[in-house]
Participant: 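Pasting a structure below so you can have a look.
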Amino acid sequence: GEDRWRLRPQPTNVLQFHRDAAGVVTGYSIGEHREFRFEPGAELPDIDELAARVAAAHGMAKLAEVGPIRRSGTWRAEQVDMGGTVGSLVAWPDRMRDDVEIGEDVEVSAFDGDRVWVHSSLQPRQEVEADQLRWMRDEFAPALFGDWREHYPVRRVVQEYELDGRRVWMVRLGGVDGPATTVYVDAETNLVVGTDSFTVVPSLGRVGKRQRFLDHRDVEGMEWPSRVNIVFAGNPVGVLRVTYDEFELGVDVPEGAFELRDYAGE
């Protein structure tokens, strides 16, 4: 039929485009349960108002008062029987570092406020190229849980959605000219409960990444997820389950930690 396309690998899924009275495409749907609109509906919340609610709910601005926070924990991928430790260091206003140990190997990434640095057992410390910078920078907690108005010039509430049995707002942080981060905000608590995005993994390169944030914990007025479930595109290792057991506030940060100078011999 007109504007209807059956997907050959899965013929029960029909892709249908929707048009306004003037014939301009306004969105599309896949099957019976997913609809995507290019322009948000009038009933959706204002994006800047929602951004303010999210920032208030997570309380990331309190980092300026309490000092850097270190989260420590473990990760586990049961499908491939692998695990290790994780460490996350966050400092106001937008610096962050993640350290992941995989047996005797390490994968480290950090954002120093301007640039992203990576290091792994397979490649020495290096600065991320410009076209990868946005994907990695947008993945760091100060951006996702902070004030989007400071981190994402283009932002939009796309639709109301049901995610894991809860009502959420689906938000796109980024323009339509390339990959962008999709964020899911709990409509009741205003907490970020999930993301779909691209990221750069030192050992894999650019990959799609789905995160679900669980069991938020109050840490001196800040709401941090204590569990994160991660699935990479292609599902190479199954669900990667991260658990943060310890939160330390006001920790000392070695000079050059967010530039990975400890891996540069500086």
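These numbers were taken from a predicted model, which means no experiment stands behind them.
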Participant: Are any of the side-chain heavy atoms of Arg97 and Val253 separated by less than 4.5 Å?
Facilitator: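 No, every pair of side-chain atoms sits at 4.5 Å or beyond.
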
Participant: Looking at Leu89 and Phe258, what are the two nearest heavy atoms and their distance?
Facilitator: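 Minimum heavy-atom contact is O-CE2, 3.7 Å.
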
Participant: How far does CG of Asp164 sit from CZ of Arg212, to the nearest 0.5 angstrom?
Facilitator: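 One finds 6.0 Å between CG of Asp164 and CZ of Arg212.
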
Participant: Do you know which two heavy atoms are closest between Ile102 and Met82, and how far apart they sit?
Facilitator: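 What the structure gives for the nearest pair is CG2-CE, 3.6 Å.
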
Participant: Identify the heavy atoms of Ala143 and Trp148 that sit nearest to each other, and give their distance.
Facilitator: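 Closest heavy-atom pair between Ala143 and Trp148: O-CD1, 3.4 Å.
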
Participant: Counting only heavy atoms not in Asp252, do more than 12 sit closer than 6.0 Å to its CG atom?
Facilitator: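 No, CG of Asp252 has 12 or fewer neighbouring heavy atoms, counting only those of other groups under 6.0 Å.
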
Participant: Could you tell me if Tyr184 and Asp196 have a donor-acceptor pair between their side chains, going purely by distance under 3.5 Å?
Facilitator: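 Yes, a side-chain donor-acceptor pair sits under 3.5 Å.
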
Participant: Just verifying a value: how many Å separate His119 NE2 and Asp262 CG, rounded to the nearest 0.5 Å?
Facilitator: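 Spacing of NE2 (His119) from CG (Asp262) equals 8.5 Å.
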
Participant: Is the CD atom of Glu220 crowded by more than 12 outside heavy atoms at less than 6.0 Å?
Facilitator: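 Result for CD/Glu220: open.
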
Participant: Here's one to test your reading of the geometry: is the NZ or CZ of Arg125 within 45 degrees of the ring axis of Tyr263 and under 6.0 Å from its centre?
Facilitator: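 Negative - Arg125 is either too far from the ring of Tyr263 or too far off its axis.
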
Participant: Heavy-atom distance under 4.5 Å between the side chains of Leu144 and Thr181, does that happen here?
Facilitator: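 With C-beta onward as the side chain, the pair touches.
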
Participant: Is the shortest side-chain N to carboxylate O distance from Asp48 to Arg53 below 4.0 Å?
Facilitator: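 No salt bridge links Asp48 with Arg53.
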
Participant: Quick check: do Leu15 and Ile30 have side-chain heavy atoms less than 4.5 Å from each other?
Facilitator: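 Result yes, sub-4.5 Å side-chain heavy-atom pair found.
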
Participant: What heavy-atom pair brings Arg166 and Val193 nearest, and what distance separates the two atoms?
Facilitator: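 That closest heavy-atom pairing would be NH1-CG1, 3.2 Å.
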
Participant: Does a sphere of radius 6.0 Å around CZ in Arg6 hold more than 12 heavy atoms from other residues, nucleotides or ligands, not counting ones at 6.0 Å or beyond?
Facilitator: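 No, CZ of Arg6 has 12 or fewer neighbouring heavy atoms, counting only those of other groups under 6.0 Å.
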
Participant: Minimum heavy-atom separation for Asn190 and Ala187, please, with both atom names.
Facilitator: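 What the structure gives for the nearest pair is OD1-O, 4.4 Å.
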
Participant: With rounding to the nearest 0.5 Å, note down the distance linking OG in Ser109 to CZ in Phe140.
Facilitator: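 Between atom OG of Ser109 and atom CZ of Phe140 there are 4.5 Å.
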
Participant: Check Arg95 with Asp112, please: is the shortest side-chain N to carboxylate O separation under 4.0 Å?
Facilitator: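 No, no charged N to carboxylate O under 4.0 Å.
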
Participant: Search all heavy atoms of His151 against all heavy atoms of Pro142 and return the closest pair with its distance.
Facilitator: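 Between these two residues, the closest heavy atoms are NE2-O, 3.5 Å.
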
Participant: Using only heavy-atom distances, determine whether the side chains of Gln211 and Thr195 contain a donor-acceptor pair under 3.5 Å.
Facilitator: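 Judged by distance alone, the side chains do pair up.
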
Participant: Tell me, yes or no, whether the heavy-atom count around Glu43 atom CD, taken from other residues, nucleotides or ligands under 6.0 Å, exceeds 12.
Facilitator: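 More than 12 heavy atoms, drawn from other residues, nucleotides or ligands, come within 6.0 Å of this atom.
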
Participant: Are Tyr152 and Leu44 grouped together when hydrophobic residues (ILVMFWY) are joined by side-chain heavy atoms under 4.5 angstrom apart?
Facilitator: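 In one cluster with Tyr152: Leu44, yes.
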
Participant: Hydrophobic clusters here meaning ILVMFWY residues chained together by side-chain heavy-atom distances under 4.5 Å, can you tell me if Trp75 and Val231 are in one?
Facilitator: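 Per the 4.5 Å side-chain linkage, Trp75 and Val231 are not co-clustered.
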
Participant: Does Arg227 come within less than 4.0 Å of Asp245, counting only side-chain N to carboxylate O?
Facilitator: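 No.
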
Participant: Are there over 12 heavy-atom neighbours, none belonging to Glu104, within less than 6.0 Å of that residue's CD?
Facilitator: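 Incorrect, the count does not exceed 12.
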
